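For reference, the structure is listed below as structure tokens.
Counting convention: from 1, in listed order, for ligands and their atoms alike. Just so we're clear, the structure is a prediction, and the values are computed from it rather than from any experiment.
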Amino acid sequence: MPNRTNAMTRKLRIVVVGAGTGVGKTHVGCALAAELVRRGVVLEARKPIESGYLPEGSDADLLARSAGHNLLTPRYAFDEAVSPHLAARHAGLAVELAEVVSWCATSGDLLVETAGGLLSPVSATCTNLDIAAALEPSAIVLVAVNRLGALHDVRVCQLALGERGLSAQVVLCHPEAADAGTPSNVAELAFLGWAPGAIAFPRAPLGDARTHMSATLLADALERRR
Ligand SMILES: Nc1ncnc2c1ncn2[C@@H]1O[C@H](COP(=O)(O)OP(=O)(O)OP(=O)(O)O)[C@@H](O)[C@H]1O
Ligand SMILES: [Mg+2]
């Protein structure tokens, strides 16, 4: 039986992954970071790899602001807004998994946002799944868009994570325009037994009370998973 006391005192190493790019990882990561800080956690929120990088308003910048610390420039920050593996290749670089892991190393509590989707390549030999596994996360948050196809998107990621012995807390982010899948996806993930505790985030700004409510539910869910 897991030692509950050890689990509760273990440092947070939350890795935010996506069922795709642009699905709401930064939005959810920022909301969660702000909620954890509100609960007294001293959190470092990092984005080790970012393409299309401009410091102001970057994912790294938004995460740092939400966690209440200075911007940590990504270890691999690429100007070009293409897949990180391609941006790196064009820059004459290769993303090294060991380098990402050592850049993320901290003795404190940590939240890491990956770049793109779970299986997006960051080099010819490494995907975000490899990064998530190598970071030995205390929790993984899987973000998908709450639209038709979300059941598939979530399931594919769950199966990929499961191959590495990993599981994730599922979050569905409300799309700009709801579709026929939006109202039922959370309930269907439970019905199918795939993600009984999936959490819906509304389409609302970070500071909105509805976003805060979802972030509270997410932080509570992660606490229960420890
Ligand atoms: N629930 C939401 N409510 C309001 N806006 C949202 C929500 N989810 C995402 N967005 C907006 O949609 C856009 C894409 O979201 P976000 O940047 O969080 O995605 P991402 O998965 O981090 O993307 P990337 O793969 O580029 O890192 C952003 O402008 C973000 O503010
Ligand atoms: Mg992002």
Of all the atoms in ligand 1, which lie at a distance below 4.0 Å from a heavy atom belonging to Asp59? 27 (O)

Counting only heavy atoms on the protein side, is anything nearer than 4.0 Å to atom 9 (C) of ligand 1? yes

How long is the span from the CD1 atom in Ile140 to the SG atom in Cys157, to the nearest 0.5 Å? 10.5 Å

Which residue and heavy atom of the protein sit nearest atom 14 (C) of ligand 1, plus the separation: Gly22 O, 3.8 Å

Opening angle between OE2 in Glu113 and OG1 in Thr26, taken at the Mg ion (ligand 2), to 10 degrees: 90°

Would you call Asp130-Arg164 a salt bridge at under 4.0 Å N-O? yes

Can you tell me which residue and heavy atom of the protein come closest to atom 19 (O) of ligand 1, and the distance to 0.1 Å? Gly24 N, 3.0 Å

Closest approach of any protein heavy atom to atom 4 (C) of ligand 1, naming residue and atom: Ala204 O, 3.3 Å

Atom 1 (N) of ligand 1 - nearest protein heavy atom and its distance: Pro202 O, 2.7 Å

Which of the numbered atoms in ligand 1 are under 4.0 angstrom from any heavy atom belonging to Lys47? 27 (O)

Which heavy-atom pair separates Leu129 from Ala160 by the least distance, and what is that distance? CD2-O, 3.7 Å

Cut-off 3.5 Å, side chains only: do Arg46 and Thr106 have a donor facing an acceptor? no

Thinking salt bridges, do Arg65 and Asp61 make one under a 4.0 Å N-O criterion? yes

min-distance N/O/S atom, Asp59 vs the Mg ion (ligand 2), resolves to OD2

Could you check whether atom 29 (O) of ligand 1 has a protein contact, counting only heavy atoms that fall below 4.0 angstrom? no

Can a donor-acceptor pair be found, under 3.5 Å and without considering hydrogens, that links the side chain of Asn70 to the backbone of Ala64? no

Out of curiosity, is Ala115 lining ligand 1, as in a heavy atom under 4.0 Å away? no

Could you list the atoms of ligand 1 found under 4.0 angstrom from a heavy atom of Thr21? 24 (P), 25 (O), 26 (O)

Take atom NE2 in His152; do more than 12 heavy atoms of anything else shown fall under 6.0 Å from it? no

Starting at CD of Glu99, measure out to SG of Cys104 and round the result to the nearest 0.5 Å. 10.0 Å

Purely on distance, is any nitrogen or oxygen of Phe201 under 3.5 Å from one on ligand 1? no

Quick check: Pro205 and ligand 1, any N/O pair under 3.5 Å apart? no

Please determine which of Val154, Val143, Val141 meets the side chain to side chain contact (heavy atoms under 4.5 Å, CB included) test together with Val170. Val154

Lys25, Glu50, His27: member with heavy atom nearest to atom 2 (C) of ligand 1: His27

Do the charged groups of Arg39 and Asp220 touch, with an N to O distance under 4.0 Å? yes

What protein heavy atom sits nearest atom 12 (O) of ligand 1, and how far away is it? Arg203 NH2, 3.5 Å

Report yes or no: does Glu113 have a heavy atom closer than 4.0 Å to ligand 1? yes

Could you tell me whether some N/O pair between His174 and ligand 1 is separated by less than 3.5 angstrom? no

